[in-house]
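First up is the structure itself, then whatever we jot down about it.
Predicted, not measured: the structure shown is a model, and the values here were computed from it.
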Amino acid sequence: AKAKEELPEEGTTLLLRNLVSGITTQYNLVSEYFFNKYGTVLVIETTPQKSNEKIPATVLWHDLNSQKTDTVMNRFQEATGYAITDNGGRLAFVAERDSLPKAIRKFYKVWYYIPGMDSAIILVGPGTAGKNDDGIIQPAFNNYFSKDGSKLFLGLSPRQLVKDTSLVDFETAKLDLWNYKDDYLQPQQLVQVNTAMKQSWLSVVDMGSGKLIQLGNDSCETVITSQEGNGRFALGISTKNYRIQQQWTQHDIADLYLVDILSGQKKLIGRAVN
């Protein structure tokens, strides 16, 4: 059994009132909740109850038309990055179920749910087609569906090195080293440490085939989709060839690419655009 001090802070009570019927529904231990665009579905995340180990963390799906509530997932360590299609027909989110709450490294998976399923299933994990083993799911990314719900956009990050916690600070030297070939000046590198931990490359999952395609990378760090995610092509922006130059000029210069959503292939359409 888990020690009580390892459990997260308990959620609070959520009251959902239907202003037409006057019916009020109460949910306990709620930590987060989300509506779809049209207000027909309510997704609720609850925490475990510290005084009762039989009440685990859960993700609930509440259909506001039928007033039916289903359990999407229970007994997880962390869930985040919820994405719901506009019509409320699909839900995707990032969850971690295996490690301890205070684990230094966590390996997340993307889960997928549609009404009628017994529970959520894994959409993106270690064996997903198209996934690079060196890439990890970025829980800080704001996952989203395309307007038509046929594609899910998520973030993949390069695997981060884990700090050696067996060494105490006074036993290790702290040096800030910079090389003239570095993309960023040393003070900027230090400022960007926390941001870099949350950095990710836009990737897309075709909901029909389940295939994952990574669209961005270090050589094309920003990818902007078109037609609210429905479009075949996206705009890729790369500052890689100009990062050292920008340390001195402070001018924003980038190469532009046409990115094929279906294949991930990139075509250069603009060089050194200011």
Establish whether Phe145 and Tyr38 are linked, either directly or via other cluster members, by ILVMFWY side-chain heavy-atom contacts under 4.5 Å.
no

For the backbone of Ile253 and the side chain of Asn274, can you confirm whether one donor and one acceptor N or O come within less than 3.5 Å of each other?
no

Hey, what do you get for OG1 (Thr47) to CD (Glu45), rounding to the nearest 0.5 Å?
8.5 Å

Could you give me the CA-CA distance, side-chain angles and deciding distance for Ser157 and Gln138, then say whether side chain to side chain donor-acceptor pair (under 3.5 Å) is met?
CA-CA 6 Å; Ser157 295; Gln138 175 53 255; 2.9 Å; yes

Main-chain N/O of Phe34 paired with Tyr82 side-chain donor or acceptor, under 3.5 Å
no

Got a sec, which residues hit side-chain hydrogen bond (donor to acceptor under 3.5 Å, both in side chains) with Asn74, two or more places apart in sequence or on another chain?
none

Linked, directly or transitively: Leu258 and Ile224 (ILVMFWY side chains, under 4.5 Å)
yes

Between the CZ atom in Phe93 and the CD1 atom in Ile84, the distance rounded to the nearest 0.5 Å is 11.0 Å

Could you tell me if the side chain of Asn143 sits less than 4.5 Å from the side chain of Phe153, heavy atoms only?
no

Heavy atoms only: give me the nearest Thr239-Ala254 pair and the separation to one decimal.
CG2-CB, 4.1 Å

Atom pair OH/OG1 of Tyr108 and Thr80 - distance to nearest 0.5 Å
8.0 Å

Using 0.5 Å steps for rounding, measure from the OH atom of Tyr113 to the OG1 atom of Thr71.
8.0 Å

Side chain to side chain, Asn28 and Thr46, heavy atoms closer than 4.5 Å:
no

Can you list, by chain and residue number, the hydrophobic cluster partners of Tyr27 when the side-chain cut-off is 4.5 Å?
Leu14, Leu16, Val30, Tyr33, Phe35, Leu42, Ile44, Leu60, Leu64

If you round to the nearest 0.5 Å, how far is NE2 of His62 from NZ of Lys68?
12.0 Å

With a 4.5 Å limit on heavy-atom distance, are the side chains of Trp111 and Val94 in contact?
no

Output the rest of the hydrophobic cluster of Ile55: all Ile, Leu, Val, Met, Phe, Trp and Tyr residues reachable through side-chain heavy-atom contacts under 4.5 Å, sorted by chain and number.
Leu29

With side chains defined as the heavy atoms from C-beta onward, is the minimum distance between Asp70 and Met117 less than 4.5 Å?
no

Which heavy atom of Ala234 sits nearest to which heavy atom of Thr225, and what is that distance?
CB-CA, 3.9 Å

For Thr69 and Trp61, run side chain to side chain contact (heavy atoms under 4.5 Å, CB included): C-alpha distance rounded to whole Å, both residues' side-chain angles, the deciding distance at 0.1 Å, then the answer.
CA-CA 6 Å; Thr69 301; Trp61 175 280; over 6 Å; no

If every non-hydrogen atom of Ser200 is compared with every non-hydrogen atom of Phe141, which pair is closest and at what distance?
OG-CD1, 3.4 Å

Would the number of heavy atoms belonging to other residues, nucleotides or ligands and lying under 6.0 Å from CG of Asp118 be above 12?
no

Please evaluate residues Lys151 and Asp206 with respect to the criterion salt bridge (Lys or Arg N to Asp or Glu O under 4.0 Å), reporting the C-alpha separation (whole Å), side-chain torsions for both, the decisive distance (0.1 Å), and the verdict.
CA-CA 5 Å; Lys151 296 181 286 292; Asp206 181 277; over 6 Å; no

So, does Gln227 use its side chain to make a donor-acceptor pair with the main chain of Gly229 at under 3.5 Å?
no

The test is side chain to side chain donor-acceptor pair (under 3.5 Å); show your working for Glu228 and Ser146 and say whether it passes.
CA-CA 6 Å; Glu228 297 183 86; Ser146 58; over 6 Å; no

Lys109 meets the salt bridge (Lys or Arg N to Asp or Glu O under 4.0 Å) criterion, sequence neighbours left out, with Asp98

Do Phe233 and Ile269 belong together in a cluster built from hydrophobic side chains that touch within less than 4.5 Å?
yes

Tell me, do Ser150 and Met207 make a side-chain contact under 4.5 Å, heavy atoms counted?
no

Any non-hydrogen side-chain atom of Lys50 less than 4.5 Å from a side-chain atom of Glu10?
yes

Any salt bridge (Lys or Arg N to Asp or Glu O under 4.0 Å) involving residues 254-274? Give me the pairs, sequence neighbours left out, ordered by first then second residue.
Arg232-Asp260

Identify whether Val204 and Leu235 are in the same connected component of the hydrophobic contact network (ILVMFWY, side-chain heavy atoms under 4.5 Å).
no

Kindly determine whether Leu152 and Leu123 satisfy side chain to side chain contact (heavy atoms under 4.5 Å, CB included), including the steps that lead there.
CA-CA 10 Å; Leu152 174 69; Leu123 180 64; 3.7 Å; yes

Quick one: are Val110 and Ile137 in side-chain contact, heavy atoms under 4.5 Å?
yes

For Leu212 and Leu156, what are the C-alpha separation, side-chain angles and deciding distance, and is it a side chain to side chain contact (heavy atoms under 4.5 Å, CB included)?
CA-CA 11 Å; Leu212 171 69; Leu156 290 179; 4.0 Å; yes

Side-chain (Gln26) to main-chain (Thr13) donor-acceptor, under 3.5 angstrom:
no

CD (Gln265) with more than 12 external heavy atoms under 6.0 Å
no

To the nearest 0.5 Å, how far apart are OG in Ser238 and CG in Asp218?
8.0 Å

Sub-3.5 Å donor-acceptor pair from the side chain of Ser203 to the main-chain atoms of Trp201, do we have one?
yes

Stepwise, does the side chain to side chain contact (heavy atoms under 4.5 Å, CB included) test hold for Val43 with Val59?
CA-CA 7 Å; Val43 175; Val59 176; 4.0 Å; yes

Transitive ILVMFWY side-chain link Leu215 to Leu256, under 4.5 Å
no

Tell me which pairs pass salt bridge (Lys or Arg N to Asp or Glu O under 4.0 Å) where either residue lies in residues 73-91, with sequence neighbours left out.
Glu78-Lys106, Asp86-Lys147

Thr222 (side chain) donor-acceptor with Ile237 (main chain) under 3.5 angstrom:
no

